[in-house]
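This structure is a prediction, so every number in the text was calculated from the model and none was measured.
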Amino acid sequence: MPVGPSIEELHFDDAPSVDSVPGPNSERLLERQQEIESNAVAYPRRVPIALDEARGATVRDVDGNTFLDFFAGIGVLNVGHSNPYVLEGVQEQIATYTHTIDFPTEARLDLIERLREIAPGGLQGNSNVVFGGPTGSDAIEGSIKLAKHNTGRHGLLAFEGSYHGTTAGALSLTAGKAYKDGYGPLLPDVVHLPYPSASDETAVDCADALEAVKRKFENPYGGHETPAGIWLEAIQGEGGVVVPPAEFLRGLRDIADDNSALLIVDEIQTGIGRTGEWFASDHFDVTPDAITMAKALGGTGLPIGAMLYHEKFDTWGPGGHVGTFRGNVPAMVGGIRAIEYIESHDLLSHATELGAYLRDRFAETAATTPEIAAVRGKGLFIGIEFVDADGRPDADLVTEIQQRCYENGVLVWNAGRYKNVLRLIPPLVLTEQQAEIGADVICRAIETSTGDSK
């Protein structure tokens, strides 16, 4: 018997339903935000709305406009906004106790056991979990400490196009220069190597990429300290929803094993069912030494970060990785309930099927739209890459498409090294009808925008 309501019952019925945007109430709150909040605020600059309420795969702004949400808080809300089954458990927990540091609770231990059960490959049943601060960045920081502690080495190896967070260690692994500009030196002995991609300006062969990694470990004049570990996203998110060849992850596994290094896969955006598997690593038949998690792990947007790693690496002592908010029990309940909801409604298969439908729709549009260079992804993690008439990345076109989608009631975002990829990460509870309507709006926005550019 499925838990909670069906996915068809989760949403506002009138989405999409948009009048003039932004409406006056949104404009008032946006102006107020601009006056008093940090200049670092980013998202309202591209999608100028102020939100009032959200359900399932739909959100409503303060002017009553209702949107299909193909963004889901950057992949946070995998089981949808305000999922009643998740909220029920969270609210019951809030009424009991909320903050327990790392004292044992039923919820804490139950979540750890569930994560051990759904972990990739050989990590199932052979892993331990550590909670730290409530973010993905903190989970990455913990993974850096784990690799250094177990190898005695300090070098770090990551990839071009990567995004791992913005705290000092995580930012050192992140490849995007814009995130680092003006912040001075970060961790030393960090190297970024090519990540296999078919994109015109970042194209690199898988064998060449693996050879470059191997040289950093085995070339005595490689220029950097031998890495303690290899960090990568199994599917790059901010880099443009880039899916590497399966042999890339398998090759990295071999290199890590041959050189006593850890293979650490960042599943912060791809975890908890996003790609049609519990973790993106499962698509490649590779067992990492550790995976980092956050985003969808809290079930309903509650902050929680964690790292799951093979038990043989559990060599640090008490306090080896800490964080005041490592005992966020409502978020742990949210994670348990989200996993249960995904299981009981077979959302992994649903995400696989709906993702294939959406990619097919966009591939049909691509057949008559030369500006579309590629349609990529797994499950409900989809990227559409755009170029201009000369084959160069076209970020302006993506901005125009995003604006047209917003005006017609579908929220989408961008990605890619040059911001020329339309990124779609809707909740896994998106219905077939919503997928059809959303695809209609997006394809129409693409056709109109590319027609205007000719």
- Message: Within this structure, what is the CD-CZ distance for the pair Glu267 and Arg274, rounded to the nearest 0.5 Å?
- Response: 12.5 Å
- Task: In sequence, state the C-alpha distance, the side-chain angles, and the governing distance for Tyr85 and Glu340, and then conclude on side chain to side chain donor-acceptor pair (under 3.5 Å).
- Result: CA-CA 9 Å; Tyr85 180 71; Glu340 290 173 349; 2.5 Å; yes
- Message: Measuring from atom CD of Gln402 to atom CZ of Arg423, what distance do you get when rounded to the nearest 0.5 angstrom?
- Response: 10.0 Å
- Message: Check this for me, if you would: do Arg253 and Asp257 make a salt bridge, where the nitrogen-to-carboxylate-oxygen distance has to be below 4.0 angstrom?
- Response: yes
- Query: Can Glu141 and Lys145 be counted as an ion pair, charged N to O under 4.0 angstrom?
  - Reply: no
- Item | Cationic N near anionic O, under 4.0 Å, Arg114 to Glu117 | yes
- Verdict with supporting geometry, Asp394 and Asn420, side chain to side chain donor-acceptor pair (under 3.5 Å): CA-CA 5 Å; Asp394 196 339; Asn420 65 314; over 6 Å; no
- Query: Side chains of Ser143 and Trp231: donor-acceptor distance under 3.5 Å anywhere?
  - Reply: yes
- Task: Check whether any side-chain heavy atom of Ile304 sits under 4.5 Å from a side-chain heavy atom of Leu111, and report yes or no.
- Result: yes
- Task: Please work out whether the ring planes of Phe67 and Tyr406 are parallel, tilted or perpendicular, with thresholds of 30° and 60°.
- Result: parallel
- Message: Can you confirm whether the side chains of His283 and Lys378 place a donor and an acceptor under 3.5 Å from each other?
- Response: no
- Between Gln269 (side chain) and Ile74 (backbone), is there a donor-acceptor pair under 3.5 Å? no
- Message: Return the OG1 to CG distance between Thr352 and Leu380, rounded to the nearest 0.5 Å.
- Response: 8.0 Å
- Item | Polar side-chain atom of Arg46 near backbone of Ala42 as donor-acceptor pair, under 3.5 Å | no
- Message: With side chain to side chain donor-acceptor pair (under 3.5 Å) as the criterion, how do Asp346 and Ser349 come out once you've worked through the C-alpha distance, each side chain's angles and the decisive distance to 0.1 Å?
- Response: CA-CA 6 Å; Asp346 197 17; Ser349 295; 3.2 Å; yes
- Message: Could you check whether atom CG of Asp390 has more than 12 heavy atoms from other residues, nucleotides or ligands sitting under 6.0 Å from it?
- Response: yes
- Taking Asn414 for the side chain and Val421 for the main chain, is one N or O donor matched with an acceptor at less than 3.5 Å? no
- Query: Got a donor-acceptor contact below 3.5 angstrom from the Thr174 side chain to the Gly165 backbone?
  - Reply: yes
- Query: Are any of the side-chain heavy atoms of Ile372 and Glu385 separated by less than 4.5 Å?
  - Reply: no
- Should Leu411 and Cys405 count as side-chain neighbours, where that means a heavy-atom distance under 4.5 Å? no
- Just by modelled atom types, is the Leu173 backbone N or O under 3.5 Å from a matching donor or acceptor in the His192 side chain? yes
- Query: Less than 4.0 Å between a side-chain N and a carboxylate O, is that true for Glu225 and Arg153?
  - Reply: no
- Item | Spacing of OH belonging to Tyr195 relative to CG belonging to Leu232, to within rounding of 0.5 Å | 6.0 Å
- Item | Gln93 (side chain) donor-acceptor with Tyr97 (main chain) under 3.5 angstrom | yes
- Message: Strictly distance-based, threshold 3.5 Å: is any side-chain N or O of Lys216 a donor or acceptor partner for the main-chain N or O of His224?
- Response: no
- Distance-minimising heavy-atom pair for Leu171 and Lys180: O-CE, 2.9 Å
- Query: Has the side chain of Gln434 got a donor or acceptor atom that lies under 3.5 Å from a matching backbone atom of Thr431?
  - Reply: yes
- Item | Full working for side chain to side chain donor-acceptor pair (under 3.5 Å) between Asn328 and His99 | CA-CA 5 Å; Asn328 186 347; His99 179 73; over 6 Å; no
- Message: Nearest 0.5 Å, please: how far is CZ in Phe284 from CD1 in Ile235?
- Response: 5.0 Å
- Would you check if the side chain of Ser449 reaches a backbone N or O of Ile446 as a donor-acceptor pair within less than 3.5 Å? no
- Task: Kindly compute the distance separating CD1 (Ile118) from CG (Leu123), expressed to the nearest 0.5 Å.
- Result: 11.5 Å
- Query: Taking all atoms of both residues into account, what is the closest heavy-atom pair of Glu92 and Arg337, and its distance?
  - Reply: OE1-NH2, 4.4 Å
- When every non-hydrogen atom of Ala212 is compared with those of Leu193, the smallest separation belongs to O-CD1, 3.5 Å
- Message: Checking side-chain polar atoms at under 3.5 Å, does Asp289 have a donor or acceptor matched by the opposite partner on Tyr309?
- Response: no
- Item | ring-ring contact (aromatic ring centres under 6.0 Å, His included) assessment of Phe71 paired with Tyr43 | CA-CA 11 Å; Phe71 188 49; Tyr43 290 99; 5.7 Å; yes
- Task: Over 60° means perpendicular and under 30° means parallel, so classify the ring planes of Phe159 and Phe248, tilted if in between.
- Result: perpendicular
- Polar side-chain atom of Thr399 near backbone of Ala395 as donor-acceptor pair, under 3.5 Å: yes
